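Everything on this sheet refers to the single structure shown next.
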Amino acid sequence: MALRLYNTMSSQVEDFQTIRDKEVRMYACGPTVYDYGHIGNFRTFLAVDMLQRFLRQSGYSVRYVMNITDVDDKIIRNAARDGVSVQQYTAKYEKAFLEDSAMIGIQQPTLVRATDHIPQMADFVARLVEKDIAYRTDDGSYYFRIAKFPAYGKLSKKDFGGMIDSARVEFDEYDKDSARDFALWKAPKPGEAFWSTSIGAGRPGWHLECSVMSMEELGETFDLHAGGEDLVFPHHENEIAQSESLTGKMFARFWFHVRFLLVEGEKMSKSLGNFFTLRDLVLKGHKPSSIRYLLTSVPYRNQLNFTFDGLKQAAVSVDRLRNFRQRLNCGNFSPGSNPEMQSLATETTDRMKAALEDDLNTAQAQAAIFEMVRRANAALDSNAVQKEDIPSLLAALEKFDDIFAVLNDDDAAKMKQVFEWAPTEGRDKDIGAELRDAVQFAQLSGADIENKIAEMEAARRSRNFKSSDALRTELTTAGIIIENTKDGVRWRRK
RNA sequence: GGCGCGGUACCCAAGUGGUAAGGGAGAGGUCUGCAAAACCUUUAUGCGUCGGUUCGAUUCCGACCCGCGCCUCCA
């Protein structure tokens, strides 16, 4: 078996084959850095992150490039509103994006910025003009002539046959040959940021940067291009048009699109009051690992209903996995190995691989790991797990976590960052009691806790349950969960 | 209107032409000084509705109802 992925271009699940053996060159459309990223953005980036992780786990070397769109209408407008330069404005949100990505466990791709590629973009337009594929309008803007690219619409399955030859239309403020022609380069408007280039002053249109930067980084034809489902049209369609009409070659082989999510059953929107940035959720006290788990638990092509109930459930599920790992790490086991445990680990690894190879079916991969957890826990209860089984079971768990990345408990440290950030943006009032608690709990050092536990254990040994229970309550109140096992006391943070 | 996706238990959510993964929640039980963790049992004769094809459909086909997406820069 090998990886099979849905390709938007063919509308089918296909065998994933790379141009170069065992090397994947992929590009994802990243954020426009005009505000903090919301959970919808992160669902998409997380899906691509999982794909990238799985490709590496499958033995590919991966060149993964993501763009940062740091110039567009909204950015220019907001920067002007705030009285800062475009660079100052975007630097803040780019930084926030990187912090948020790290917080939610995204492995950082090679990042490229639109504004670092202005000359290349101008050059790209000039070459299109030479081929008469692009044209300049009176105001100094440049447009792509869709009539020159008959395959236009092949990705989004749209038929533009009837419109392409329409007469020259006066279209609002612009002077396009056809209403469907799209802007490659926009002439400057009074008071707006612009760049002086070989094709004149102005700024790039939205689609241009992705064609220019992806080809510069990955070559004229690369393996996979990813983004949110909304980008199929017009963004990716336009990228294909401009790139392929310039090179005469196929632009990207696979098109990977992530479905939008719903929040509490409805489309996420500010007017509905169900619009959440990642930081909004952490401010409410939700753990980054819970958010990551929930956002990755539904396969990327299915609609995911993001709910607060689901977030709670995700937290419990993650705890279950973490408890299991701790149980494996802390117990005392007799020497030898149990063939049943060995084959359980192997079966689980195989099932996870098969699930992910099937168009990244994350839900089934989770089912496989939980099946293992349940069966191994049962075996642990009956002392059927032996010393040499531990590495095998842990290896399967690690294989899972290479992709899902929720086991490492650094939630408190991440939440602390958000806690400290809040006042800098006047968001103190949004800090929830749960976040406050989580941050406070993190202050207690491991040594402090161990000391309390030793005290508690001493009381228990002398059967002074009243005093030991008091100590446990004290720790519980501080967010420490105590478990007395036959191998001694285990503790963990809530 | 055009193109596309989906409706599965209390909640989230996989999946299959032969009778329903997994997680959470609930109930009962085991273990425990009490907890916690863990385990066991249990919770859809049912997979939007109505027809059709079939020995057999939740899975295929058709109609309808509902939700969602794209169709001028929203991941």
Side-chain angles (χ1 to χ4, degrees), chain A residues 8 11 28-32 37-48 69 72-74 153 156-160 171-172 179-180 182-183 186 205-207 226-235 237-238 257-262 265-270 275 293-294 297-321 323-324 326-327 351 355 358 361-371 373-382 460 463-466 468-469 472-473 476 480-486 489-492:
Chain A
T8 308
S11 306
C29 289
T32 301
H38 56 70
I39 53 177
N41 295 321
F42 285 107
R43 183 201 189 182
T44 297
F45 301 140
L46 237 21
V48 185
T69 299
D72 86 326
D73 292 347
K74 224 172 306 186
S156 54
K157 311 293 178 293
K158 294 183 193 301
D159 182 7
F160 295 97
F171 198 71
D172 293 335
R180 284 285 172 183
F182 60 89
K186 297 180 178 181
W206 176 37
H207 319 298
E229 62 168 334
D230 58 317
L231 300 182
V232 174
F233 189 90
H235 185 53
E237 197 72 70
N238 291 351
H257 292 103
V258 183
R259 191 90 141 86
F260 270 16
L261 54 69
L262 258 39
E266 292 185 287
K267 184 179 176 169
M268 182 168 70
S269 76
K270 288 183 176 164
F275 181 96
Y293 186 89
L294 178 56
S297 60
V298 177
Y300 74 97
R301 285 202 296 131
N302 293 355
Q303 201 163 50
L304 179 159
N305 186 11
F306 190 98
T307 64
F308 284 97
D309 189 40
L311 213 40
K312 273 187 227 138
Q313 296 178 10
V316 178
S317 299
V318 170
D319 275 345
R320 187 166 154 85
L321 294 172
N323 287 339
F324 173 67
Q326 194 180 28
R327 217 179 155 187
R351 271 182 70 188
D358 182 14
N361 194 328
T362 50
Q364 295 223 9
Q366 287 180 343
I369 203 70
F370 277 106
E371 177 86 24
V373 170
R374 200 194 76 243
R375 287 170 58 186
N377 266 325
L380 285 162
D381 280 353
S382 60
R460 278 190 73 216
R463 301 194 64 83
N464 184 354
F465 295 125
K466 197 173 173 186
S468 84
D469 283 352
R472 185 169 63 200
T473 304
T476 304
I480 309 300
I481 294 165
I482 306 296
E483 295 172 17
N484 296 329
T485 75
K486 61 180 185 295
V489 179
R490 281 203 310 250
W491 64 273
R492 61 196 164 88

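As a basis for the values below, the full set of heavy atoms in this structure was taken, side chains included, without hydrogen atoms, waters or symmetry mates. Proteins come first, then strands; the chains are lettered A, B, ... in the order of their sequence lines, and each starts at number 1. Since the structure is predicted, the reported quantities are computational estimates derived from the model, not experimental observations.
Here the straight-line distance linking atom CD1 of A:I482 with atom CZ of A:R492 works out to 10.0 Å at 0.5 Å rounding.
With hydrogens and angles left out, the side chain of A:K312 and the base of B:rC11 share no donor-acceptor pair within 3.5 Å. Side-chain N/O atoms of A:D230 and base N/O atoms of B:rG69 include no donor-acceptor pair closer than 3.5 Å. Residue-to-nucleotide contacts include a donor-acceptor pair under 3.5 Å from the side chain of A:R460 to the base of B:rG33. No hydrogens or angles were tested; on distance alone, nothing pairs the side chain of A:R43 with the base of B:rA75 as donor and acceptor under 3.5 Å.
A close approach under 4.0 Å does occur between a side-chain nitrogen or oxygen of A:N41 and OP1 or OP2 of B:rA75.
Each of B:rG23, B:rC39, B:rA13 was ranked by its minimum atom distance to the side chain of A:P299; first place goes to B:rA13. Among B:rC74, B:rA13, B:rC70, the nucleotide with an atom closest to any side-chain atom of A:F233 is B:rC70. Residue A:R320 places its side chain closer to B:rC39 than to any other of B:rC71, B:rA36, B:rC39. Here the nucleotide nearest the side chain of A:R490, chosen from B:rU72, B:rA37, B:rG69, is B:rA37. Comparing B:rG22, B:rC70, B:rC12 against the side chain of A:Q313 picks out B:rC12 as the nearest. Taking the side chain of A:D73 as heavy atoms from C-beta on, and the options B:rC73, B:rC34, B:rA21, the nearest nucleotide is B:rC73. Taking the side chain of A:K267 as heavy atoms from C-beta on, and the options B:rA21, B:rC74, B:rA75, the nearest nucleotide is B:rC74. For A:Q364, taking side-chain heavy atoms from C-beta onward, the closest of the listed nucleotides B:rA75, B:rC68, B:rG15 is B:rG15. In the set B:rG15, B:rC74, B:rA21, the nucleotide with an atom closest to the side chain of A:N361 is B:rG15.
In this structure, the CD atom of A:E483 is 5 Å from the C1' atom of B:rA36, given to the nearest Å. Summarising the geometry, the separation between CG on A:L231 and P on B:rC74 is reported as 9 Å, rounded to the nearest angstrom. The separation between A:L262 atom CG and B:rA75 atom P is 17 Å, rounded to whole Å. In this structure, A:H235 places its NE2 atom 11 Å from C1' of B:rA75, rounding to the nearest Å. Between the CZ atom of A:F260 and the C1' atom of B:rA75 there is a distance of 5 Å, rounded to whole Å. Atom C1' of nucleotide B:rC39 and atom CG of A:D381 are separated by 5 Å, given to the nearest angstrom. Nucleotide B:rC31 holds its P atom 15 Å from the NZ atom of A:K486, rounded to whole Å.
Ion pair A:R327/A:D381 flagged as a salt bridge, since at least one NZ, NE, NH1 or NH2 atom sits closer than 4.0 Å to an Asp/Glu carboxylate oxygen.
Nucleic acid contact class of A:D469 (heavy atoms, under 4.0 Å, all strands): base. Using a 4.0 Å heavy-atom criterion, one finds that A:V258 contacts no nucleic acid atom at all. At a threshold of 4.0 angstrom between heavy atoms, the contacts of A:R375 with the nucleic acid are absent. Residue-level contact check: A:G310 touches neither bases nor backbone, having no heavy atom under 4.0 Å from any strand.
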Distances for protein N/O vs nucleotides 3-7 of chain B N/O pairs under 3.5 angstrom?
from: B:rC5; atom 1: O2'; to: A:R259; atom 2: NH2; distance (Å): 3.2
from: B:rC5; atom 1: O2; to: A:R259; atom 2: NH2; distance (Å): 3.1

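Stem regions for RNA chain B, each three or more consecutive Watson-Crick or G-U pairs with both distances under 3.5 Å and listed by first number, read B:1-7 with B:65-71, B:10-12 with B:22-24, B:25-30 with B:38-43, B:48-52 with B:60-64.
Under the side-chain contact (heavy atoms from CB on, under 4.5 Å) test applied with A:V298, the options A:T362, A:L304, A:L261 reduce to a single match, A:L304.
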